[in-house]
Trainee: 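This structure is in structure tokens; I'll ask about it shortly.
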Amino acid sequence: MFSNYLNLGPTASPAIILPYRATVTPDVSAGNVFQVTLGGALTITNPVNVVQDGTPLLLMLIQDNAGNRLLTLGSQFNLGATVTSYTLST
């Protein structure tokens, strides 16, 4: 879906749908593409079962109709040199 825009390499998985919870933890042993529809503030903790630092991870975040949701990322997320911040909006 987004692989034309992000190079996730040959190991990109189909999107894993995560149910909304206030805190979610991506398990990269299941794949590296995750989708969640926000139903409130969301904390995404550091991924578990990471084989190698720097493994690409694609998070597809979908706003619900309310919008203006707060997103907090775990300390090990690196958005890259060109992304200094993020804003969720509807």
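Just so it is clear, the model here is predicted, and its values are computed rather than measured.
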Trainee: Using every non-hydrogen atom in the two residues, find where V36 and Y20 come nearest and quote the distance to one decimal.
Mentor: CG2-CA, 4.0 Å
Trainee: Measuring from atom CG of L61 to atom CG of L71, what distance do you get when rounded to the nearest 0.5 angstrom?
Mentor: 5.5 Å
Trainee: Which atom names give the shortest non-hydrogen contact between N49 and S29, and what distance separates them?
Mentor: ND2-OG, 3.7 Å
Trainee: To check you understand the geometry: which heavy-atom pair defines the closest contact between N46 and T25, and what is its length?
Mentor: O-CG2, 3.5 Å
Trainee: State the CZ-CD1 distance between F34 and I16, to the nearest 0.5 angstrom.
Mentor: 4.0 Å
Trainee: How long is the span from the CG atom in N78 to the CG atom in L57, to the nearest 0.5 Å?
Mentor: 12.0 Å
Trainee: Say you draw a straight line from OG1 of T37 to CD1 of I17; how long is it, rounded to the nearest 0.5 Å?
Mentor: 7.5 Å
Trainee: Main chain of L58, side chain of N32: is a donor-acceptor contact present, judged purely on distance under 3.5 Å?
Mentor: no
Trainee: What heavy-atom pair brings D64 and G39 nearest, and what distance separates the two atoms?
Mentor: OD2-CA, 3.5 Å
Trainee: Got more than 12 heavy atoms from elsewhere within 6.0 Å of CG, D53?
Mentor: no
Trainee: Quick check: is V48 connected to I44 through a chain of hydrophobic side chains (ILVMFWY, heavy atoms under 4.5 Å apart)?
Mentor: no
Trainee: Determine whether T45 and V24 make a side-chain contact, defined as any pair of heavy atoms from C-beta on separated by less than 4.5 Å.
Mentor: no
Trainee: Could you grab the distance from atom CG of L42 to atom OG1 of T72, nearest 0.5 Å is fine?
Mentor: 8.0 Å
Trainee: So which heavy atom on M60 is nearest to which on V33, and how close?
Mentor: CE-CG1, 3.7 Å
